[in-house]
Amino acid sequence: MAYWLMKSEPDEFSFDDLKNRPEQTEPWDGVRNYQARNFMRDAMQDGDEVFFYHSNCDIPGIVGIARVRGETRPDHTAFDPDDKHFDPKSDPDKPRWYLRDIQYVRPLARTISLKELKDHAEALQDFALVRRGNRLSVMPVDAQHWDYILGLE
DNA sequence: GCCAACGTTGGC
DNA sequence: GCCAACGTTGGC
């Protein structure tokens with residue numbers, strides 16, 4: 001069992017949007033970064049837990065917990081010329097981009113903001129999210145960091 | 001809206 | 001394989 005953090009812009013897809021999905025599950029499509037793809041395709045396991053992070057908004061931070069559901073599969077949006085994440089270099093016979101399905105678990109009692117996380121720099125050393133210049137949208141979370149952050153809730 | 005950080009592209 | 005140009009991310 002591993003832990004992850006996944007970013008989403010709430011204007012695009014928020015944690016409430018996930019909650020309101022018919023099966024509270026959403027394919028995490030549109031990721032076009034190789035490192036993030038490799039985490040989703042190769043490292044995630046069915047049942048892994050995920051911090052749901054809101055980026056590019058008033059208070060960037062962790063707002064809820066989700067869960068990885070099922071195995072990896074090709075990101076279908078890469079094949080659709082009308083999709084904003086269309087990638088002509090991704091061939092359905094040899095897909096370049098993969099996704100996971102993410103299921104709602106529960107909201108945090110309160111948002112744990114990026115600012116607050118940065119205030120715990122010592123305990124959260126080497127946590128990718130608080131490293132300078134971090135732009136990765138899918139990243140692993142160490143078990144001790146996961147527990148520490150939930151301890152702030 | 002600004003801009004630093006960083007990933008990708010493509011000419012050479 | 002190098003690296004300048006360019007595009008994107010995302011905090012502020």
Side-chain angles (χ1 to χ4, degrees), chain A residues 2-21 26-44 48-68 72-142 144-146 148-153:
Chain A
Y3 300 102
W4 304 93
L5 181 142
M6 298 170 92
K7 296 178 183 173
S8 187
E9 302 189 16
D11 287 349
E12 300 286 328
F13 187 78
S14 71
F15 192 59
D16 274 347
D17 292 332
L18 181 63
K19 181 182 183 179
N20 293 328
R21 281 291 189 256
E26 178 75 2
W28 207 260
D29 57 33
V31 171
R32 297 291 180 269
N33 170 284
Y34 289 104
Q35 207 180 345
R37 177 205 66 183
N38 293 346
F39 286 137
M40 288 203 291
R41 187 188 60 184
D42 306 331
M44 280 184 179
D48 281 356
E49 289 191 289
V50 177
F51 280 144
F52 197 108
Y53 178 93
H54 279 172
S55 66
N56 245 323
C57 55
D58 283 353
I59 304 175
I62 300 166
V63 298
I65 295 174
R67 191 183 297 283
V68 175
T72 191
R73 56 195 179 91
D75 183 343
H76 49 91
T77 65
F79 310 136
D80 177 2
D82 295 327
D83 193 281
K84 89 184 220 197
H85 298 294
F86 174 60
D87 182 356
K89 292 174 185 162
S90 188
D91 182 335
D93 292 329
K94 202 180 175 215
R96 173 176 295 202
W97 305 111
Y98 286 79
L99 56 74
R100 291 280 179 158
D101 294 285
I102 299 301
Q103 183 175 43
Y104 178 89
V105 174
R106 71 169 180 88
L108 295 192
R110 63 186 187 86
T111 297
I112 299 178
S113 69
L114 178 63
K115 179 181 182 304
E116 180 173 356
L117 292 169
K118 285 178 170 173
D119 288 340
H120 294 264
E122 197 169 339
L124 297 177
Q125 236 177 349
D126 301 325
F127 180 32
L129 184 75
V130 298
R131 278 207 293 263
R132 198 173 65 108
N134 164 65
R135 291 168 41 192
L136 202 56
S137 67
V138 176
M139 67 184 75
V141 181
D142 290 346
Q144 66 265 30
H145 292 158
W146 178 276
Y148 183 86
I149 291 165
L150 281 183
L152 301 173
E153 187 180 2

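Both backbone and side-chain heavy atoms feed into the values below; hydrogens, waters and symmetry mates do not. Remember, it's a predicted structure, so these values are computed and weren't measured experimentally. Note on naming: letters A, B, ... go to the chains in the order of the sequence lines (proteins, then strands), and numbering restarts at 1 for each one.
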Q | Set of residues satisfying side chain to side chain donor-acceptor pair (under 3.5 Å) with respect to A:Asp29, sequence neighbours excluded | A |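 With sequence neighbours excluded, A:Asp29 shows a side chain to side chain donor-acceptor pair (under 3.5 Å) to no residue whatsoever.
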Q: Tell me, please, which residues at least two apart from A:Glu9 pass side chain to side chain donor-acceptor pair (under 3.5 Å).
A: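 In terms of side chain to side chain donor-acceptor pair (under 3.5 Å), with neighbours along the sequence ignored, A:Glu9 is linked to A:Asn56.
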Q. Does atom CG of A:Asp58 have more than 12 heavy-atom neighbours from other groups under 6.0 Å away?
A.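 Count not over threshold, so no.
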Q.
Please give me every residue in residues 130-139 of chain A whose heavy atoms get under 4.0 Å of an atom in DNA chain B, ordered by residue number.
A.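 The stretch gives A:Arg132, A:Gly133, A:Arg135 as the residues lying under 4.0 Å from the strand, ordered by number.
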Q.
Holding to salt bridge (charged side-chain N to carboxylate O under 4.0 Å, His left out), I want the full list of residues that pass it with A:Arg32, two or more places apart in sequence or in another chain.
A.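 Here the qualifying residues are A:Asp75.
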Q: For A:Tyr34 and A:Arg96, test the side chains for any donor-to-acceptor distance below 3.5 angstrom and give the result as yes or no.
A: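 Present: a donor and an acceptor within the cut-off.
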(Q) Taking side-chain contact (heavy atoms from CB on, under 4.5 Å) as the definition, give me every residue that meets it alongside A:Gln35, ordered by chain and number, with sequence neighbours left out. (A)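 Checked A:Gln35 against side-chain contact (heavy atoms from CB on, under 4.5 Å); matches are A:Asn33, A:Phe39, A:Leu136.
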Q: Assess whether side-chain hydrogen bond (donor to acceptor under 3.5 Å, both in side chains) is satisfied between A:Ser14 and A:Asp17, documenting all intermediate values.
A: CA-CA 5 Å; A:Ser14 71; A:Asp17 292 332; 3.2 Å; yes
Q: Let me know, please, whether A:Asn56 or A:Arg96 comes out on the 5' side of the other along DNA chain B by nearest nucleotide.
A: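 The residue whose closest nucleotide sits nearer the 5' end is A:Asn56.
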Q) What are the bounds, 5' to 3', of the part of DNA chain B that sits under 4.0 Å from heavy atoms of chain A? A)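 Contact boundaries, 5' end first: B:dA5 to B:dT9.
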Q: Assign A:Lys89 to base, sugar-phosphate, or nothing according to its heavy-atom contacts below 4.0 angstrom with the strands shown.
A: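 The residue A:Lys89 makes sugar-phosphate contact but no base contact.
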Q. In terms of ring plane angle, is the pair A:Phe13 and A:Phe52 parallel, tilted or perpendicular, where the classes change at 30° and 60°?
A.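 It falls in the tilted class, 30° to 60°.
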